[in-house]
Amino acid sequence: TRRYTAELVKKNFIGPGIDVPAPDYGTGPREMSWIVDTYSSLRPGEIDAAGCVTGKPVTQGGVRGRTEATGLGVYFGVREMCNDVEMMEKLGMPVGIQNKTVVVQGLGNVGYHAAKYFQEGGATLVGIAEFDGAISNPKGLDLELVRAFHRKTGSILGFPGAKSHKKSAEALELQCDILIPAALENVINAENAPRVKAKIIAEAANGPLTPDADAILNKKGVVVIPDMYINAGGVTVSYFEWLKNL
């Protein structure tokens with residue numbers, strides 16, 4: 001991470017007024033603290049140096065709430081749509097988040113927080129997928145118990161009272177109202193899009209649907225909330241952190 005930062009500095013690709021990175025897949029506050037530390041050491045005397053990266057620990061210029069911001073933004077975006085009477089009538093669903101079934105792919109920062117807020121908002125979490133497989137239970141899964149099990153065993157597979165799926169992608173085809181792909185890009189494509197049963201898809205990852213999948217789902221009348229909007233919560237709070245650092 002430090003070497004990468006040094007290369008970015010050398011090529012003038014990073015800086016509070018040039019380009020400001022933030023955490024993504026496999027990184028978090030720890031890596032951001034290495035970036036800001038390396039940047040500052042290579043740009044001595046730069047008064048805005050802390051603004052070269054966001055998602056930093058609070059002790060190093062970060063802001064409270066940045067960690068859960070993306071997942072919370074996903075929840076807010078979907079909640080707004082579910083409160084839209086016209087939209088819900090079109091989909092033949094009752095208004096509100098309550099009792100809607102949700103499947104989340106990815107139990108990382110975004111997926112975990114999105115699932116957490118949906119569960120707290122009254123939705124039922126019926127499926128969770130990770131890279132090594134997925135689990136489902138139409139009656140609902142307790143997110144905190146799943147997370148504790150994952151920490152203890154290193155996998156969500158074999159979680160008591162849930163059906164285990166060897167293939168992670170199977171979760172995308174589970175019966176549910178809302179599907180939240182919150183891991184990698186292109187997970188829903190021309191091959192599996194016809195089997196997706198969700199009525200609402202919230203693109204919590206970057207580009208989880210291929211253009212082919214988009215076309216297929218549009219024809220089926222599935223509402224896809226684009227990543228550019230639905231996962232912007234993290235960017236929004238990153239902006240506040242950046243302002244604080246200037």
Side-chain angles (χ1 to χ4, degrees), residues 68-84 87-88 90-131 133-150 156-157 159-165 167-184 187-188 192-193 195-206 208-209 213 217 220-227 229-234:
E68 61 270 34
T70 314
L72 183 56
V74 171
Y75 170 67
F76 283 158
V78 177
R79 186 188 68 183
E80 288 311 299
M81 206 192 95
C82 289
N83 286 337
D84 186 306
M87 205 68 171
M88 289 297 105
K90 212 168 163 184
L91 289 171
M93 296 163 96
V95 173
I97 287 285
Q98 281 78 19
N99 303 322
K100 288 204 170 47
T101 52
V102 180
V103 169
V104 177
Q105 184 201 25
L107 205 52
N109 182 37
V110 180
Y112 165 73
H113 284 102
K116 175 179 184 282
Y117 293 113
F118 272 103
Q119 198 169 275
E120 286 173 8
T124 308
L125 198 58
V126 295
I128 298 172
E130 264 285 277
F131 65 92
I135 54 170
S136 64
N137 183 349
K139 291 197 176 108
L141 297 158
D142 184 311
L143 179 66
E144 295 308 325
L145 292 179
V146 173
R147 199 186 196 199
F149 181 82
H150 182 249
I156 57 171
L157 294 175
F159 179 72
K163 183 183 173 188
S164 290
H165 306 265
K167 280 187 178 159
S168 176
E170 285 178 26
L172 302 168
E173 298 167 25
L174 289 171
Q175 190 69 53
C176 65
D177 298 321
I178 303 163
L179 174 62
I180 302 170
L184 296 168
V187 292
I188 301 175
N192 63 1
R195 299 192 297 275
V196 170
K197 298 176 187 73
K199 290 182 177 175
I200 299 168
I201 298 177
E203 295 191 317
N206 293 322
L209 273 67
L217 293 164
K220 280 170 67 175
V222 176
V223 174
V224 178
I225 313 180
D227 50 4
Y229 164 72
I230 205 73
N231 67 24

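All residue numbers refer to positions in the sequence shown, counting from 1. Hydrogens, waters and symmetry mates play no part in the numbers below; they use all other heavy atoms, side chains included.
Residues Leu174 and Val126 are not in side-chain contact: their nearest non-hydrogen atoms beyond the backbone lie 4.5 Å or more apart. At a threshold of 4.5 Å between non-hydrogen side-chain atoms, the residues Val103 and Leu172 do not count as touching. Pro208 has its side chain out of reach of Ile188: every pair of non-hydrogen atoms, C-beta onward, lies at least 4.5 Å apart. Here the side chains of Gln175 and Pro138 are not in contact, with every heavy-atom distance at 4.5 Å or above. Here the side chains of Val95 and Asn83 are in contact, with some heavy-atom distance below 4.5 Å. Counting heavy atoms from C-beta on, the side chains of Phe118 and Lys100 never come closer than 4.5 Å. When side chains are defined from C-beta on, Ile200 does not count as touching Met87, because their heavy atoms never get closer than 4.5 Å. Considering only heavy atoms from C-beta on, Phe159 comes within 4.5 Å of Leu145 through its side chain.
Counting only distance, with no hydrogens or angles, the side chain of Ser168 and the backbone of Ala134 share no donor-acceptor pair below 3.5 Å. Side chain of Lys199 to backbone of Met88: no donor-acceptor contact under 3.5 angstrom is found. Proximity of a side-chain donor or acceptor of Thr101 to a complementary backbone N or O of Thr124 within less than 3.5 Å is not detected. Put simply, the side chain of Lys220 gets close to the backbone of Ala193: a donor and an acceptor are under 3.5 Å apart. With His150 contributing its side chain and Val146 its backbone, the two residues share no donor-acceptor pair below 3.5 Å. Between the side chain of Asn192 and the backbone N or O of Val187, at least one donor-acceptor pair lies under 3.5 Å. Lys197 places no side-chain N or O within 3.5 Å of a backbone atom of Cys176 that could act as its donor or acceptor partner. Counting only distance, with no hydrogens or angles, the side chain of Gln119 and the backbone of Leu143 share a donor-acceptor pair below 3.5 Å. A donor-acceptor pair under 3.5 Å is formed between the side chain of Glu203 and the backbone N or O of Asp227.
Taken to the nearest 0.5 Å, the CD atom of Glu130 stands 14.5 Å off from the NE2 atom of His165. Annotation: the span from Met81 atom CE to Tyr229 atom OH amounts to 10.0 Å, rounded to 0.5 Å. Atom-to-atom distance recorded for Phe149:CZ and Ile135:CD1 is 8.0 Å, nearest 0.5 angstrom. Note that the CG atom of Leu141 and the CZ atom of Arg147 stand 15.5 Å from one another [nearest 0.5 Å]. The distance from the CG atom of Leu125 to the NZ atom of Lys139 is 16.0 Å, given to the nearest 0.5 Å.
For the side-chain contact (heavy atoms from CB on, under 4.5 Å) with Val223, the lone residue among Leu91, Leu217, Ile201 that qualifies is Leu91.
Between Gly121 and Ile97 the shortest heavy-atom distance is O-CG2, 3.8 Å. When all heavy atoms are compared, the tightest approach of Asn231 to Ala205 is ND2-O, 3.1 Å. Between Gly133 and Ile156, the shortest heavy-atom distance links the atoms O-CD1, 3.9 Å. The two atoms that bring Gly234 and Thr70 nearest to each other are CA-OG1, 3.3 Å, heavy atoms only. Between Cys82 and Ile178, the shortest heavy-atom distance links the atoms SG-CD1, 4.2 Å. Taking all atoms of both residues into account, the shortest heavy-atom contact from Ala204 to Val74 is CB-CG2, 3.7 Å.
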Exercise. Could you go through the side-chain contact (heavy atoms from CB on, under 4.5 Å) check for Val196 and Val222 one step at a time?
Key: CA-CA 9 Å; Val196 170; Val222 176; 5.7 Å; no
